[in-house]
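First the structure, in the form of structure tokens, and then the observations on it.
The basis for the numbers below is simple: all heavy atoms, side chains too, and nothing from hydrogens, waters or symmetry mates.
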Amino acid sequence: MIGSQHTQPRRHPGRLWRQLLRIGLAAARATPGTRLRFWALMAASAAMAMTALALFTTSATFDGRTQRDTARGPILTSDARQATALWKEAVDSFGTSPHSIIYIEPVAPKSPPPPGLSRWPRPGEAFLSPRLAQAAEDHDSLDRYGHYAGPISTQGLRSPSERIAYVRPAHPPTDPTGESWQYITGFGQLFPMNQEIYPHNKADTAGTIAVLMAVPALALLVVATRVGSATRDRRSQLVNALGASWTHRAVINIGEAFVPAAAGTLVSLIPAALLLATDTRLPITGYIINAADLRRAWPELAAALVASLILMLLSVVILHRVQRPKTATRPSTFSSRLPKWRLALCVVGVLAIAFSQYVPKGADIVVFLSGTVLMWATLPSVMAMLSVANGKRIAASGYRKGDAGRLIAGRWTASHPGVLVRLSVVFIIGIGLISHLQVWNSRLGENAAEAQRITQRVGDTLYTAHSSTLTPQAVKVLSRSLPDGVHLLAATAHPGDEAPRIDLTGSCSDLKSLRLPCPATAQPVGTTDPRLEELARPYGGNLTVRAVSGDLTVGQVNGSLIVTTDEPGHRAEVEKAAYAAHPGINVETPGEVWVIGAQQKSLTNNWLLLFGGTGLALLLVAGLVSAAAEFVRIRAGLAPLSVLTGNDQVFRTIALWYLTVPLLIATFGATFVTNWHSLFFVISLREGKFSLPVLVAAATGFALAAVTIGLLAARSARRAAPSWRPTAD
């Protein structure tokens with residue numbers, strides 16, 4: 001026996017392990033379905049390694065971001081005598097992409113500049129990050145904040161994709177405290193700013209990867225491990241009967257799986273090398289990963305990949321344990337009936353989703369998500385139960401009509417519900433995932449949708465410019481620096497009055513450019529100008545105007561200015577003049593802040609598409625592997641039927657009824673459930689829209705895949721039939 005001292009002396013234990021490994025390696029070459037199992041294990045190992053690479057990249061990137069955030073964060077002080085510089089942060093945008101502006105004014109010019117700058121900016125100069133400089137060039141606004149002095153180096157950026165600017169005003173502030181400047185003694189304190197293109201933290205990102213990538217990778221691992229499991233289970237029973245211990249069987253299984261598992265891990269070294277070699281832009285999101293962060297933590301990457309390989313081999317061992325006593329040589333059998341508790345859990349999940357809207361706010365999301373997890377986790381088993389019932393009817397119909405193909409297909413369907421669960425899980429989860437990603441990405445919101453409408457109607461001929469620290473001098477400078485055809489007015493809103501209104505004040509020439517009268521006292525007016533209609537809409541359409549002579553005063557401005565242009569195309573000039581007149585002023589079109597917010601939400605959703613799309617791809621691979629494994633199994637079982645029936649049409653009949661019909665049932669069932677669940681999903685989010693065309697397109701694609709799987713299985717069996725020979729099984 002394998003463990004006997006007569007066959008293997010104790011003084012040479014290493015010889016036994018080498019022999020067991022050779023047995024495993026030989027089994028990997030000789031077992032039926034070897035190529036499929038090799039590629040399946042290799043794909044699963046690559047998926048696990050890629051998930052480990054993603055988690056490592058997340059950890060290293062966030063560590064680097066935190067380190068640079070700390071290095072560039074200002075150290076604030078309230079004592080002006082200790083200060084080395086003045087510091088102020090503002091927010092602006094190019095298009096719908098916001099960025100941070102850091103205004104700096106050195107008090108001690110010999111003090112070190114912020115990280116990423118080789119020197120302090122000179123008066124009227126601005127350093128921009130490379131991505132921001134590119135965006136500024138695209139909007140013809142490279143000199144918006146002053147003369148472009150050069151790029152900010154990577155050492156001063158949270159990531160290479162960050163958009164940030166360091167600006168020194170042309171004139172130092174006369175009243176730093178009154179103009180919201182802060183005194184700093186240097187840099188080196190954690191001070192998060194400019195959330196840029198990715199606002200989440202390490203824990204959120206790792207959790208998202210774990211749910212959307214690691215879980216599908218584990219599903220693929222389980223499917224790949226069980227490919228051709230019948231032969232390996234019989235081998236395990238045999239060596240168990242010969243006296244092998246759990247350790248002996250583990251060594252054999254490791255020897256069988258080691259080569260494809262190692263090959264899959266080596267495949268992941270290709271993207272790993274790319275990430276280590278150069279800054280890499282992630283698809284869909286546009287985020288650029290800093291290669292220096294990853295190179296700094298390369299030992300963690302090596303450990304992660306080794307851990308991935310060990311987990312892969314450990315899973316192979318665990319999923320091939322023999323739980324029967326050594327005296328039994330008959331292979332284990334499994335029940336052909338699915339446990340009813342899965343149906344009960346599915347019902348519980350459905351009820352939790354349906355009644356979540358009646359649960360108090362706060363707990364409703366928890367109830368909804370818990371019900372969602374229960375329902376989608378058990379729905380494949382419920383669909384398999386429906387297919388089993390349908391299989392019994394198919395078998396009965398085939399028996400009555402003398403149709404061998406339908407009889408065999410129906411009995412197979414009723415006897416192998418586990419196969420149906422593994423095959424349908426990709427279809428069901430895939431349809432649900434696609435539809436729910438669509439709903440999530442549709443969360444524009446009514447305010448943002450209305451803002452888009454306003455922006456399209458007004459265009460770039462009306463701007464609001466506001467700041468709580470505007471001064472008479474800043475208003476005067478701005479008024480005199482605007483180009484011809486551009487007009488400046490003061491706006492004062494009265495939203496809390498019984499009759500809410502907005503007052504416009506300006507010179508007579510500026511008012512006449514908007515076809516408004518020039519009364520000496522405030523006078524209500526009506527207007528057909530779409531710009532003024534949109535400006536007065538939040539105040540019930542109530543608009544008053546008053547003409548003044550000379551420059552606008554601070555009291556008339558009340559912190560808000562209106563800039564109008566006779567024709568579009570002056571935005572770059574208006575913004576340059578505004579930022580030169582008063583650093584930190586906000587210039588935007590009506591509703592622009594809502595449009596930017598919606599765009600930022602969409603950019604955040606791109607990360608969900610990246611991780612969710614990767615997870616969906618892994619699920620599809622798991623489905624293909626499972627289907628291919630079933631092809632191998634039924635090919636051997638169907639091949640003799642050509643001799644018994646005298647034709648090969650029976651293959652198509654069996655494959656379509658056994659594979660295609662259950663998958664179509666799963667597809668239609670998932671489509672119905674997704675349609676129902678998406679309505680509650682929208683209610684739970686309190687925003688977003690459900691797209692029926694997207695659901696129909698997804699269902700159609702999976703239905704075509706179901707037909708294709710059946711046809712390929714029939715073709716596989718038909719090609720194997722001529723080479724079939726009776727064996728002594």
Could you note down all residue pairs passing salt bridge (Lys or Arg N to Asp or Glu O under 4.0 Å) where residues 93-114 supplies at least one of them, sequence neighbours left out?
-> E105-R168
Applying ring-ring contact (aromatic ring centres under 6.0 Å, His included), can you list everything that pairs with [X], at least two apart in sequence or on another chain?
X    : answer
F368 : H677
F427 : F702
F94  : H99, H139

Below 4.0 angstrom, N of the basic side chain to O of the carboxylate: do [X] and [Y] qualify?
X    : Y    : answer
R65  : D293 : no
D63  : R296 : no
E588 : R571 : no

With the side chain counted from C-beta on, respond yes when N586 and D92 share a heavy-atom pair under 4.5 Å apart, and no when they do not.
-> no
Can you list the residues that meet the side-chain hydrogen bond (donor to acceptor under 3.5 Å, both in side chains) rule with S45, with sequence neighbours excluded?
-> T265
side-chain hydrogen bond (donor to acceptor under 3.5 Å, both in side chains) with N290: which residues, sequence neighbours excluded?
-> none
Which residue, L610, T57, T614, T58, forms the side chain to side chain contact (heavy atoms under 4.5 Å, CB included) with I209?
-> T58
Polar side chain donor-acceptor pair, T70 to Q189, under 3.5 angstrom | no
